[in-house]
Asker: 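Please see the structure below; I have some questions.
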Amino acid sequence: MEEAKAFLANYVTEPHLSVHAVAVSAAMGAMARHFGQDEQEWETLGYLHDIDYEKWPEEHLQHTAPILAQAGFSPEEVRAVLSHGYGLVNEIKPETELEKSLFTVDELTGIIHAAARMRPAGIADYEAAGFMKKFKDKKFAAKCDRSLILQGCEMLGMPIEEVAALCIEGMKQHADELGLAAK
């Protein structure tokens with residue numbers, strides 16, 4: 001992961017984007033464990049998923065493929081990262097568990113992060129039931145697209161509560177890095 005952090009630092013300097021990278025990476029690690037897949041690969045791809053966003057926000061994911069390919073990522077890994085933009089900036093439909101997970105957790109981690117930041121205990125004792133209350137409140141973290149989260153959960157064949165619980169558990173392991181440790 002240290003290589004991924006050094007690599008992303010060449011493209012991302014904004015603190016909120018770095019924190020988002022950690023959140024998505026942590027959630028992807030949890031999803032990989034759930035599916036019995038390669039945690040390191042999933043975490044790395046989650047960490048790098050927005051690699052071109054800071055430099056080219058209006059052209060998000062249009063610069064990603066050559067950046068990742070040149071760095072030695074496989075065509076399957078590049079496709080996985082590109083698929084998180086399905087229906088928004090491209091038509092690369094998520095097909096694998098990895099792709100579907102990345103598509104889903106990208107937005108979902110935003111709601112978890114926003115909710116946990118408001119709590120005295122941070123994310124330490126946060127649970128899916130609390131997430132669901134915030135998820136249903138359309139005004140809370142309004143920029144997080146709930147329809148995409150639900151679409152992703154449907155693709156995964158998993159209830160949102162289960163996906164949220166997995167992501168919360170993954171993010172708990174990175175509470176300090178995410179600024180979500182108890183106050």
Asker: Hey, what do you get for OG1 (Thr96) to NZ (Lys100), rounding to the nearest 0.5 Å?
Answerer: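 Reported value, rounded in 0.5 Å steps: 7.5 Å.
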
Asker: I'd like to know if the side chain of Glu99 and the backbone of Glu95 have a donor-acceptor N/O pair within less than 3.5 Å.
Answerer: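 The answer is yes, because a donor-acceptor pair under 3.5 Å joins these two groups.
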
Asker: Could you pull out the closest heavy-atom pair between Ala4 and Tyr47, with the gap in Å?
Answerer: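 Looking at all heavy atoms of both residues, the shortest contact is O-CE2, 3.7 Å.
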
Asker: Are the side chains of Ser83 and Leu102 in contact, using a 4.5 Å heavy-atom criterion?
Answerer: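 Not in contact.
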
Asker: Of all the heavy-atom pairs spanning Val12 and Ser18, show the shortest one and how long it is.
Answerer: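 Closest approach of Val12 to Ser18, heavy atoms only: CG1-OG, 3.8 Å.
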
Asker: Not counting sequence neighbours, which residues clear side-chain contact (heavy atoms from CB on, under 4.5 Å) with Ala69? List them please.
Answerer: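 Per chain and number, Ala69 pairs via side-chain contact (heavy atoms from CB on, under 4.5 Å) with no residue.
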
Asker: Quick one: which residue pairs count as a side-chain hydrogen bond (donor to acceptor under 3.5 Å, both in side chains) with a foot in residues 24-44, not counting sequence neighbours?
Answerer: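 Output for this query lists Arg33-Glu39.
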
Asker: If you look at every heavy atom in Thr104 and Cys153, which pair is closest and at what distance?
Answerer: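 For Thr104 and Cys153, the tightest heavy-atom pair comes out as OG1-N, 3.7 Å.
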
Asker: Hey, can you pull the donor-acceptor pairs under 3.5 Å for the side chains in residues 85-93, sequence neighbours left out?
Answerer:
unit_1 : atom_1 : unit_2 : atom_2 : d
Asn90  : OD1    : Tyr86  : N      : 3.4
Asn90  : OD1    : Ile92  : N      : 3.0
Asn90  : ND2    : Leu82  : O      : 2.8

Asker: Test His84 against Phe103 for ring-ring contact (aromatic ring centres under 6.0 Å, His included), laying out the working first.
Answerer: CA-CA 4 Å; His84 90 273; Phe103 178 84; 8.5 Å; no

Asker: So, do Val81 and Leu68 sit near enough that their side-chain heavy atoms are less than 4.5 Å apart?
Answerer: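 The answer is yes; the side chains approach within 4.5 Å.
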
Asker: So does Gly170 get a backbone contact from the side chain of Gln173, meaning a donor-acceptor N/O pair under 3.5 Å?
Answerer: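 A pair under 3.5 Å: no.
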
Asker: Mind checking ring pair (Phe, Tyr, Trp, His ring centres under 6.0 Å) for Phe135 and listing every partner two or more places apart, or none if nothing turns up?
Answerer: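 In terms of ring pair (Phe, Tyr, Trp, His ring centres under 6.0 Å), with neighbours along the sequence ignored, Phe135 is linked to Phe131.
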
Asker: Quick one: are the ring centres of His60 and His49 less than 6.0 Å apart?
Answerer: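 So the answer is no for these two rings.
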
Asker: Hey, what do you get for CG (Leu8) to CG (Leu17), rounding to the nearest 0.5 Å?
Answerer: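 Result: 8.5 Å between the selected atoms.
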
Asker: Taking side-chain contact (heavy atoms from CB on, under 4.5 Å) as the definition, give me every residue that meets it alongside Pro66, ordered by chain and number, with sequence neighbours left out.
Answerer: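 In terms of side-chain contact (heavy atoms from CB on, under 4.5 Å), with neighbours along the sequence ignored, Pro66 is linked to no residue.
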
Asker: Just wondering, more than 12 heavy atoms not from Glu14 lying within 6.0 Å of its CD?
Answerer: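 It does: Glu14 CD has more than 12 such atoms within range.
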
Asker: Could you work out, with salt bridge (charged side-chain N to carboxylate O under 4.0 Å, His left out) as the rule, every residue matching Glu97, not counting sequence neighbours?
Answerer: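 Per chain and number, Glu97 pairs via salt bridge (charged side-chain N to carboxylate O under 4.0 Å, His left out) with no residue.
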
Asker: Run the side-chain contact (heavy atoms from CB on, under 4.5 Å) test against Ser74 and tell me which residues pass, sequence neighbours left out.
Answerer: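 side-chain contact (heavy atoms from CB on, under 4.5 Å) list for Ser74, sorted by chain: Glu76, Glu77.
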
Asker: Under the salt bridge (Lys or Arg N to Asp or Glu O under 4.0 Å) rule, what pairs show up with a residue in residues 52-73, not counting sequence neighbours?
Answerer: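 For residues 52-73, and leaving out neighbouring residues, there are no salt bridge (Lys or Arg N to Asp or Glu O under 4.0 Å) pairs at all.
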
Asker: Apply side-chain contact (heavy atoms from CB on, under 4.5 Å) to Ala114 and list each qualifying residue two or more places apart in sequence or on a separate chain.
Answerer: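 Residues passing side-chain contact (heavy atoms from CB on, under 4.5 Å) with Ala114: Phe140, Ala141.
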
Asker: Are Met28 and Val24 close enough that some pair of their side-chain heavy atoms sits under 4.5 Å apart?
Answerer: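 The answer is yes; the side chains approach within 4.5 Å.
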
Asker: Mind checking salt bridge (charged side-chain N to carboxylate O under 4.0 Å, His left out) for Lys5 and listing every partner two or more places apart, or none if nothing turns up?
Answerer: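 By the salt bridge (charged side-chain N to carboxylate O under 4.0 Å, His left out) rule, Lys5 matches Glu177.
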
Asker: Look up atom SG in Cys144 and atom CD1 in Ile149, then write down how far apart they are to the nearest 0.5 Å.
Answerer: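 Interatomic distance, Cys144 SG to Ile149 CD1, rounded to 0.5 Å: 6.0 Å.
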
Asker: Between Phe35 and Met31, is there a side-chain heavy-atom distance shorter than 4.5 Å?
Answerer: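 Touching, per the 4.5 Å side-chain cut-off.
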
Asker: Could you give all pairs that pass the salt bridge (Lys or Arg N to Asp or Glu O under 4.0 Å) test and reach residues 103-129, with sequence neighbours left out?
Answerer: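 Every pair satisfying salt bridge (Lys or Arg N to Asp or Glu O under 4.0 Å) with a residue in residues 103-129: Arg119-Asp125.
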
Asker: Which residue pairs pass the side-chain hydrogen bond (donor to acceptor under 3.5 Å, both in side chains) test with at least one member in residues 129-152, sequence neighbours excluded?
Answerer: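 For residues 129-152, and leaving out neighbouring residues, the side-chain hydrogen bond (donor to acceptor under 3.5 Å, both in side chains) pairs sorted by first residue read Asp145-Ser147.
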
Asker: With no hydrogens and no angle check, just 3.5 Å: does a side-chain donor-acceptor pair link His16 and His113?
Answerer: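 No, His113 and His16 have no side-chain donor paired with an acceptor closer than 3.5 Å.
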
Asker: Check Ala23 against Leu178 and note the closest heavy-atom contact, atom names and distance.
Answerer: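 Taking Ala23 first and Leu178 second, the nearest heavy atoms are N-CD2, 3.5 Å.
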
Asker: In terms of ring plane angle, is the pair His63 and Trp56 parallel, tilted or perpendicular, where the classes change at 30° and 60°?
Answerer: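 His63 vs Trp56 ring planes: parallel.
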
Asker: What heavy-atom pair brings Ala30 and Leu166 nearest, and what distance separates the two atoms?
Answerer: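 Scanning both residues, the minimum pair turns out to be CB-O, 3.1 Å.
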
Asker: So do Val22 and Met171 actually touch side chain to side chain, heavy atoms under 4.5 Å?
Answerer: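 Of all side-chain heavy-atom pairs linking Val22 with Met171, none is under 4.5 Å.
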
Asker: To check you understand the geometry: which heavy-atom pair defines the closest contact between Ile123 and Ile168, and what is its length?
Answerer: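 Result for this residue pair: CD1-O, 3.9 Å.
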
Asker: Can you confirm whether Phe7 sits close enough to Ile51 that some side-chain heavy atom of one is under 4.5 Å from a side-chain heavy atom of the other?
Answerer: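 They are in side-chain contact.
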
Asker: Below 4.5 Å, heavy atoms only, C-beta onward: do Leu48 and Phe73 meet side chain to side chain?
Answerer: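 When only atoms from C-beta onward are counted, Phe73 and Leu48 do touch, with a gap below 4.5 Å.
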
